[in-house]
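Written below as structure tokens is the structure these notes are about.
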Amino acid sequence: MEVKKTNIPGVLIIKPNVHFDSRGLFTETFSSKRYAEAGIDYVFVQDNLSHSTKNVTRGLHYQIKKPQGKIVRVTRGRVFDVALDIRLNSPTFGSYFSTIIDDSDFCQLFLPPGIAHGFCVLSDCADFQYKCTDYYVEGDEGGVLWNDLDLNINWPLKDPVVSIQDQKLKKLADIPDNLLPKY
């Protein structure tokens with residue numbers, strides 16, 4: 001497994017070893033021992049799956065009082081993925097990391113607690129899996145407007161499909177400090 005740092009402290013790109021033979025392939029998608037050795041020493045308590053069609057844009061989501069760390073991966077399709085640092089006092093507060101992840105190379109991203117997350121679907125559809133360090137708590141949702149111009153995220157879509165809930169999210173500059181996680 002190869003682990004690379006990004007421009008956001010704690011956000012990591014994980015490239016698992018993939019073994020191919022005449023039957024197909026095998027890859028280990030998670031091992032707490034290997035991930036702890038790579039600095040991802042969290043207990044993961046919940047797995048989630050979202051299925052989305054082309055141009056669907058989700059995010060930028062986070063939990064307010066119970067921030068979740070996440071390992072995210074695409075098991076079908078291709079997405080443009082965004083990790084936004086919204087941790088107060090972080091040296092990269094307001095900065096983001098983006099990359100394309102898909103089902104061809106098994107790449108994963110680790111997002112530590114306090115990172116807002118979003119993605120848009122570039123393929124006809126995408127299945128996106130999340131391994132989370134804390135449980136989802138209804139009513140604890142936070143979010144940053146996906147197209148906040150101050151963030152300058154270069155989303156690769158012309159006609160995004162965005163939920164009404166996500167369209168109503170605030171710009172990062174308009175979110176009170178008590179609704180943001182700390183670094």
Side-chain angles (χ1 to χ4, degrees), residues 1-19 24-53 56-87 90 92 95-123 125-144 146 163 165-166 180-183:
M1 170 171 93
E2 181 184 351
V3 178
K4 293 182 180 180
K5 293 181 179 179
T6 68
N7 61 309
I8 307 290
V11 175
L12 303 171
I13 300 168
I14 304 161
K15 293 189 175 188
N17 296 324
V18 182
H19 307 279
L25 66 87
F26 174 83
T27 187
E28 187 176 76
T29 60
F30 180 77
S31 163
S32 37
K33 179 183 175 188
R34 286 196 210 298
Y35 282 59
E37 289 169 354
I40 304 170
D41 195 11
Y42 290 84
V43 173
F44 290 87
V45 298
Q46 181 174 321
D47 284 1
N48 302 325
L49 169 70
S50 73
H51 174 82
S52 304
T53 55
V56 165
T57 301
R58 297 180 184 262
L60 299 155
H61 302 144
Y62 64 97
Q63 287 198 168
I64 299 167
K65 295 177 186 165
K66 301 279 248 165
Q68 294 174 314
K70 298 174 184 169
I71 295 173
V72 300
R73 67 189 179 113
V74 173
T75 55
R76 178 172 57 166
R78 181 176 177 88
V79 306
F80 174 79
D81 197 83
V82 177
L84 173 65
D85 192 348
I86 58 168
R87 301 169 294 182
S90 168
T92 56
S95 298
Y96 72 92
F97 170 77
S98 65
T99 190
I100 292 176
I101 56 177
D102 60 30
D103 59 8
S104 69
D105 66 1
F106 307 96
C107 181
Q108 302 172 353
L109 293 179
F110 172 69
L111 312 170
I115 298 293
H117 177 252
F119 65 90
C120 66
V121 178
L122 303 175
S123 52
C125 67
D127 291 337
F128 198 92
Q129 292 191 324
Y130 309 72
K131 183 174 276 306
C132 302
T133 62
D134 208 338
Y135 298 102
Y136 169 77
V137 177
E138 190 172 345
D140 193 39
E141 302 96 345
V144 177
W146 71 278
S163 72
Q165 179 183 359
D166 285 357
L180 294 171
K182 293 187 173 80
Y183 182 66

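Values below: every heavy atom of this structure, side chains too, minus hydrogens, waters and symmetry copies.
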Seminar exercise, completed: Between the CD atom in Gln165 and the CZ atom in Arg58, the distance rounded to the nearest 0.5 Å is 10.5 Å
Seminar exercise, completed: Taken in chain and number order and not counting sequence neighbours, the residues that satisfy side-chain hydrogen bond (donor to acceptor under 3.5 Å, both in side chains) with Thr92 are Asp85, Ser90
For this session: Go through the steps for Ile86 and Val144 under the test side chain to side chain contact (heavy atoms under 4.5 Å, CB included), then give the verdict.
Result: CA-CA 9 Å; Ile86 58 168; Val144 177; 4.1 Å; yes
For this session: Apply side chain to side chain contact (heavy atoms under 4.5 Å, CB included) to the pair Asp166 and Thr57, showing each step before the final yes or no.
Result: CA-CA 9 Å; Asp166 285 357; Thr57 301; over 6 Å; no
Exercise. Do Phe30 and Glu28 have side chains that get closer than 4.5 Å, going by heavy atoms?
Worked result: no
For this session: Check whether more than 12 heavy atoms from other residues, nucleotides or ligands sit under 6.0 Å from atom OH of Tyr135, and answer yes or no.
Result: no
Problem set entry | Ile13 side chain reached by Thr6 side chain, heavy atoms, under 4.5 Å | yes
Problem set entry | With sequence neighbours excluded, residues passing side-chain hydrogen bond (donor to acceptor under 3.5 Å, both in side chains) with Tyr130 | none
Exercise. Any side-chain heavy atom of Ile100 within less than 4.5 Å of one from Asp81?
Worked result: no
Problem set entry | Side-chain heavy-atom pair Arg87, Pro9 within 4.5 angstrom cut-off | yes
Exercise. What residues, two or more places apart in sequence or in another chain, satisfy side-chain hydrogen bond (donor to acceptor under 3.5 Å, both in side chains) together with Asp105?
Worked result: none
For this session: Decide yes or no on side chain to side chain contact (heavy atoms under 4.5 Å, CB included) for Val11 and Ile115, but give the supporting numbers first.
Result: CA-CA 8 Å; Val11 175; Ile115 298 293; 4.1 Å; yes
For this session: Verify the ring-centre separation between Phe119 and Phe80: is it less than 6.0 angstrom?
Result: no
Seminar exercise, completed: CG of Asn48 to OH of Tyr136, rounded to nearest 0.5 Å, is 10.0 Å
Problem set entry | Side chain proximity check, Ile8 to Ser95, heavy atoms < 4.5 angstrom | yes
Problem set entry | Atom of Ser52, atom of Val121 and distance for their closest heavy-atom approach | CB-CG2, 3.6 Å
Problem set entry | side chain to side chain donor-acceptor pair (under 3.5 Å) pairs, two or more places apart, involving residues 71-80 | His51-Arg76, Arg73-Gln129, Arg76-Asp127, Arg78-Asp102
Exercise. With sequence neighbours left out, what residues match Gln68 under side-chain hydrogen bond (donor to acceptor under 3.5 Å, both in side chains)?
Worked result: none
Problem set entry | Derivation and outcome, side chain to side chain contact (heavy atoms under 4.5 Å, CB included), residues Met1 and Ile14 | CA-CA 7 Å; Met1 170 171 93; Ile14 304 161; 3.7 Å; yes
Problem set entry | Distance flag, aromatic centroids of His117 and Phe128, threshold under 6.0 Å | yes
Exercise. Which pair of heavy atoms, one from Thr27 and one from Pro16, lies closest together, and at what distance?
Worked result: OG1-CB, 3.5 Å
Seminar exercise, completed: Note: Pro67 and Asp134 closest approach over all heavy atoms is O-CB, 4.1 Å
Exercise. What distance separates Leu12 CG from Tyr35 OH, expressed to the nearest 0.5 Å?
Worked result: 10.5 Å
Problem set entry | Over all atoms of both residues, closest heavy-atom pair of Phe97 and Leu109 | CE2-CD2, 4.1 Å
For this session: Compare all side-chain heavy atoms of Pro113 with those of Thr133 and state whether any distance is below 4.5 angstrom.
Result: yes
For this session: Find out whether His61 and Trp146 are in side-chain contact, i.e. whether some heavy atom of one side chain is under 4.5 Å from a heavy atom of the other.
Result: no
Problem set entry | Phe110 side chain reached by Lys70 side chain, heavy atoms, under 4.5 Å | no
Problem set entry | Nearest-0.5 Å distance that lies between atom OG in Ser123 and atom CG in Asp103 | 7.5 Å
Using residues 36-43 as the side-chain source, report each donor-acceptor pair under 3.5 Å to any protein atom, sequence neighbours left out, with the distance given to one decimal.
none

For this session: List the steps and the verdict of salt bridge (Lys or Arg N to Asp or Glu O under 4.0 Å) for Asp140 and Lys66.
Result: CA-CA 7 Å; Asp140 193 39; Lys66 301 279 248 165; over 6 Å; no
